[in-house]
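Written out below as structure tokens is the structure these notes cover.
The sequence lines fix the lettering, A, B, ..., with proteins before strands; numbering per chain opens at 1. Below, each value reflects all heavy atoms present in this structure, side chains not excepted, and no hydrogens, waters or symmetry copies.
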2 protein chains.
Amino acid sequence: MFTALFDHIQKFITLEPSEIDILEACLTISKVKKKEHLLQEGQVCNNLYFILKGCARQYIINPKGVEQTLQFAVENWWITDYLSYHNTTPSHFYIQTVENCELIAIEKSTLESLLIEIPKLERYFRIVSQKSFGAAQMRIKFLFTMSAEERYHHFNNQNPEFVQRVPQYMLASYLDFSAEFMSKIRAGKV
Amino acid sequence: MFTALFDHIQKFITLEPSEIDILEACLTISKVKKKEHLLQEGQVCNNLYFILKGCARQYIINPKGVEQTLQFAVENWWITDYLSYHNTTPSHFYIQTVENCELIAIEKSTLESLLIEIPKLERYFRIVSQKSFGAAQMRIKFLFTMSAEERYHHFNNQNPEFVQRVPQYMLASYLDFSAEFMSKIRAGKV
DNA sequence: TCAATTTCTTGAAGTAGTTCAAGTTTTTAA
DNA sequence: TTAAAAACTTGAACTACTTCAAGAAATTGA
């Protein structure tokens, strides 16, 4: 049931069977249809989401009214707005499923008590978030140093299967160019 | 001596006097001259750096040979390459002081034993890195939604004092435009 | 205190991307 | 099984920036 999450956790720390029980008792699986929102701009983000199955994204609507994806999350990834979560401030982001999803939503109060009961989990979340921060830095590096076409090919090489899973216009915005330009890159017209 | 770090830690967790002693025994202050490197591209990053005084930056040299700053760190900020640190892989980044600095460098092995002696510190680093990740997401949002001029004015409004501390060309690259364009924005010639 | 170095400025020419508008293809759902 | 909706494509016109080159100003250090 939650094995994917337990496996992920045990990559970084070792849980006792009793701790697994405690954890298990706190978790529930949500099935969420494609295109549903887990978080809307302006709401305070009160949950962490762990994707068991499917794909979600974090996006904004820019001043021209166009959606721009800032982050994707697939199986075994956490997604949330940590700034809104920690500061209890309205979020600047939407979080939405891109496919039908099975996910674990952990509420702030649940997580806080879990972290007290199983302090080792602090370590797990520390390592995961430090690695995520590192990945965000690499993302900024790629945005800074590569042309649109290079970003497309690079992403395509690194994530060939993933590219098939999401609409091109979402990927275009994630790579910071227009859907039209993506089309031209793919057609070799650039 | 290390009070700035203790104060920062105690914003998030409460340390016993005995824990402060343990921590204190592990720390040393380094004085580092302006423009010295804490990390070079290609090296494995084995340290976390906490800035007590001064300013440092993380940057890359792009394919055209131009430096681009990805991140600044001033007083009470941690700076490192978490990806290199966790994966023991060569870093893609340089970390360099921008001003004469006083900083605390914690080596990986020291930090690991500290985290075992004072498990509460896991929580501190978790919260700090989750917030940093949140800040990185906001940074990407600004890069995506604002024009060069908007990014400059926004940054200037949010950090008027900081803008005085670093050369314009570094700030220009941090905001992802050329030093020449920065000059034109400031002169109102755009 | 002054020479060297670093940083900043300016204008002209070039370009990697966007925007718009319209049409085509693919997917979805009843 | 088909109509509606969503996603993708195309070309033409445009623009927000870059690049280059050269000079001016500010900062640094001996």
(message) Counting C-beta onward and ignoring hydrogens, is there a side-chain heavy-atom pair between B:Thr69 and B:Tyr169 closer than 4.5 Å?
(response) no
(request) Assign B:Phe181 to base, sugar-phosphate, or nothing according to its heavy-atom contacts below 4.0 angstrom with the strands shown. (result) base
(request) Output yes when B:Lys35 and B:Glu67 qualify as a salt bridge under the 4.0 Å nitrogen-oxygen rule, no when they do not. (result) no
(request) Would you tell me if any nitrogen or oxygen in the side chain of A:Lys189 comes within less than 4.0 Å of OP1 or OP2 on D:dA12? (result) no
(request) Would you please indicate if the ring centroids of B:Phe177 and B:Tyr152 are separated by under 6.0 Å? (result) no
(message) Side chain of B:Glu180, heavy atoms from C-beta onward: which of C:dT18, C:dT10, D:dT18 has the nearest atom to it?
(response) C:dT10
(message) Of the listed nucleotides (C:dT7, C:dT9, D:dT10), which one gets closest to any side-chain atom of B:Pro167?
(response) C:dT7
(request) Please say which of B:Phe72, B:Tyr174, B:Phe142 ends up in a ring pair (Phe, Tyr, Trp, His ring centres under 6.0 Å) with B:Phe155. (result) B:Tyr174
(request) Measure from NZ on B:Lys184 to P on D:dC17 and round the result to the nearest Å. (result) 12 Å
(message) Rounding to an integer number of Å, can you tell me how far B:Lys35 NZ sits from C:dT5 C1'?
(response) 9 Å
(message) I'd like to compare against my own output: the B/S/- annotation of nucleotides 23-30 of chain D with a strict under-4.0 Å heavy-atom distance to protein.
(response) -----S--
(message) My understanding is that a hydrophobic cluster links ILVMFWY residues whose side chain heavy atoms are under 4.5 Å apart, including indirect links. Using that, what else belongs to the cluster containing B:Ile61?
(response) B:Tyr59, B:Tyr94
(request) Kindly say if A:Ser178 contacts the phosphate of C:dT18, meaning a side-chain N or O under 4.0 Å from OP1 or OP2. (result) yes
(request) Report the nucleotide, chosen from D:dC8, D:dC17, C:dG17, that has the shortest atom-to-atom distance to any side-chain atom of A:Ser183. (result) D:dC8
(message) Looking at B:Gln168, I'd like to know whether one of its side-chain N or O atoms comes within less than 4.0 Å of OP1 or OP2 on C:dT6.
(response) no
